[in-house]
Amino acid sequence: MPDILKTIAARDPHETEFYQAVTEVLGSIKPVLDQNPQYRQAAVLDRITEPERIVTFRVPWLDDVGNVKVNRGFCIEMSSAIGPYKSGLRFHPSVNQSILKFLAFEQVFKNALTTLPLGGGAGGSDFDPKGKSDDEVMRFCHSFMTELYHHIGINTDIVAGDIGVGSREIGYLFGMYKKLSNSFTGALTGKGLNWGGSLIRAQAAGYGCVYFAAEMLATRDMSFDGLKCLLSGSGNVAQHTAEKLIELGAKVITLSDSSGYVHDPEGIDKEKLAYVKILKNIRRGRIQEYVEKYTGATYTATDALLDYHPLWSHRAACAFPCATQNEINEKDAYNLINNNIKLVCEGANMPCTPQAMNIFLDKPMLYGPGKAANAGGVAVSGLEMVQNSMRLNWLEEEVDSRLKIIMKQIHKTCLDAAEAYGTPGNYANGANITGFVKVVEAMLDQGVV
Ligand code: NDP
């Protein structure tokens, strides 16, 4: 075990997700370290795995009947080597320091891949917006921002959404940020279109994921036309991954939430997806309701006792995990392989366990790691920042075409780096190596800070 992993395990033994994310990157970069002894001399691994700053804070708020509630807030600023921290905010009961450190660590490499000058971080809270009224969500977001605003800013740390933080939450957060800072700036991205947001930002992670996957397929002279696709999740990333896949002629047959999944053998078309968007984004319902409207589909509730997820047992050509970390385990990976899967492309961050990932990498299939494949979200956040600075709004076509170019560039960079370091076609190695070298070279230029 490399020394740095021993140090991390000894120092923070409970931070399993962070340990997993670091282990995965270390698995790719040994040849880079061997060819560049100056990296080890400058202790870059010790530095890049230790956040520049972690702030935890109390978030008190009042529920609708006047009870005082308290959640824990986090702001993790991992690396500002190549630009101000750019963080996603996650509101979910599972949120803890390990999960946010893993997200922040991945974000550093992902942001480096986008070609934009953005560092990496993550933030959030163990607050659960599910089942809360809009007023409760507003009071929580306002309280959360009364502390977070000390740490963010257009040249410091720019925050966007992640699980549990969509346009509603960004609106409340921005409102309080604007009031406290007395300035209307782009310190948050994912804003509403009539108050500083960018067209295509909401769609960006999902569309970008499909653009990346299309590039991967093109290396095998394939397109999405007629391909069956399995998707997990039914939130922002899943909805827009499905939308672009449908547009490109693929047949999306599954969607899920944490309670269960739906399988629609006829395919989830545009009209059905429009229903899902209203169900999830406006009515804030559960995916189970899909089968009440579309009776040809079946619903399977999540069974915590199963050691696999039946969603990944359906026969399909492509799989897009778009829900959360570690949602595809070793057994799921074998189920996908036994059904002759051709492509797995990660809309979510770290959705495959290390065992699942190694199974995919050992096969002649295409495997697109999240830090490359879902980088479209942060890329268009970067474009939103550019538009805010210029005080203008680009047209939808302009943002979408820039997103396509960025995803194409990320795809090429990953392939080139994988080839250069002796693992052709291994996008995971390509993504890790490219992001690592860019960040570490900046660290060396800036000295020991
Ligand atoms: P949303 O909150 O919009 O949707 C999350 C979806 O995943 C919901 O369907 C949710 O179900 C499901 N989910 C969440 N936690 C679990 C769990 N523990 N088990 C099963 N299902 C779960 O989040 P996003 O779509 O924004 O994010 C999804 C993934 O994409 C995350 O990994 C995120 O880090 C990543 N990502 C997001 C980007 C963005 O711009 N938003 C950019 C890049 C990556 P339920 O409603 O039941 O909780």
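Remember, it's 1-based here, ligands and their atoms both numbered in the order they're listed. Numbers for residues simply follow the sequence, beginning at 1.
Taking distance alone, with nitrogen or oxygen atoms compared against 3.5 Å, Arg201 approaches ligand 1 more closely than that limit. Considering backbone and side-chain atoms together, Lys110 places no N or O closer than 3.5 Å to any N or O of ligand 1. In terms of polar-atom proximity, defined here as any N/O pair under 3.5 Å, Lys130 does make such a contact with ligand 1. Some N or O of Arg90 is nearer than 3.5 Å to an N or O of ligand 1, by distance alone.
The environment of Arg72 atom CZ is sparse: at most 12 non-hydrogen atoms of other residues, nucleotides or ligands sit within 6.0 angstrom. Dense packing is recorded around OH of Tyr294, with more than 12 heavy atoms of other residues, nucleotides or ligands lying under 6.0 Å away.
Shortest contact from atom 15 (N) of ligand 1 to any protein heavy atom: His92 NE2, 3.6 Å. The nearest protein atom to atom 34 (O) of ligand 1, hydrogens excluded, is given as Asp162 OD1, 2.5 Å; this is a heavy-atom distance. With respect to atom 3 (O) of ligand 1, the closest heavy atom belonging to the protein is Asn236 N, 2.9 Å.
We find the CZ-NZ distance between Phe127 and Lys132 to be 5.0 Å, quoted to the nearest 0.5 Å.
Checking side-chain atoms of Asn335 against main-chain N and O of Pro310 turns up no donor-acceptor pair under 3.5 Å. In this structure, the side chain of His240 engages the main chain of Asn236 through a donor-acceptor pair within 3.5 Å. One N or O on the side chain of Gln239 and one on the backbone of Ser234 form a donor-acceptor pair closer than 3.5 Å.
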For Lys69 and Glu136, run salt bridge (charged side-chain N to carboxylate O under 4.0 Å, His left out): C-alpha distance rounded to whole Å, both residues' side-chain angles, the deciding distance at 0.1 Å, then the answer. CA-CA 10 Å; Lys69 303 279 178 180; Glu136 288 176 324; over 6 Å; no
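Side-chain atoms of Leu255 and Tyr290, non-hydrogen and from C-beta on, never get closer than 4.5 Å to each other.
The shortest heavy-atom distance from Glu327 to ligand 1 is not under 4.0 Å. Residue contact check for ligand 1: Gln239 places no non-hydrogen atom closer than 4.0 Å to it. Note on ligand 1: Arg284 sits outside its first shell, no heavy atom being nearer than 4.0 Å. Within the 4.0 Å heavy-atom cutoff, Arg286 counts among the residues contacting ligand 1. Not a single heavy atom of Gly166 sits closer than 4.0 Å to an atom of ligand 1.
Among Thr324, Val237, Ile287, Val276, the residue whose heavy atom lies nearest to atom 36 (N) of ligand 1 is Val237. Among Ala373, Pro93, Gly376, Ser258, the residue whose heavy atom sits closest to atom 20 (C) of ligand 1 is Ser258. Of the candidates Gly235, Gly233, Ala323, it is Ala323 that places a heavy atom closest to atom 28 (C) of ligand 1. Across Ile163, Val380, Asn349, Val378, heavy-atom proximity to atom 14 (C) of ligand 1 is greatest for Ile163.
Counting atoms of ligand 1 from 1 in the listed order, those under 4.0 Å from a heavy atom of Asn374 are 43 (C), 44 (C). Within ligand 1, counting atoms from 1 as listed, the ones closer than 4.0 Å to a heavy atom of Ser234 are 9 (O). Counting atoms of ligand 1 from 1 in the listed order, those under 4.0 Å from a heavy atom of Cys322 are 28 (C), 29 (C). Which parts of ligand 1 touch Ala348 is read off a 4.0 Å heavy-atom cut-off, strictly below it: atoms 29 (C), 30 (O), 32 (O), 35 (C). Listed by atom number, the atoms of ligand 1 under 4.0 Å from Ser256 heavy atoms are 9 (O). In summary, the atoms of ligand 1 found under 4.0 Å from a heavy atom of Ala205, numbered by their order in the structure, are 42 (C). Atoms of ligand 1 lying under 4.0 Å from at least one heavy atom of Gly164, given by number and element, are 2 (O).
Ion pairing between a basic and an acidic side chain is recognised when a charged N comes within 4.0 Å of a carboxylate O; Lys277 and Glu243 show such pairing.
A donor-acceptor contact under 3.5 angstrom links the side chains of Asp64 and Ser133, judged on distance only.
Under the 6.0 Å distance and 45° angle rule, Lys293 counts as a cation-pi partner of Tyr275. Cation-pi geometry between Lys178 and Phe184 is not satisfied (NZ or CZ under 6.0 Å from the ring centre, within 45° of the ring normal).
Just one of Ile158, Leu173, Asp157, Leu89 meets the side-chain contact (heavy atoms from CB on, under 4.5 Å) condition when paired with Ile152; it is Asp157.
What you find for Pro60 and Arg58 is that their closest heavy atoms are CD-O, 3.5 Å.
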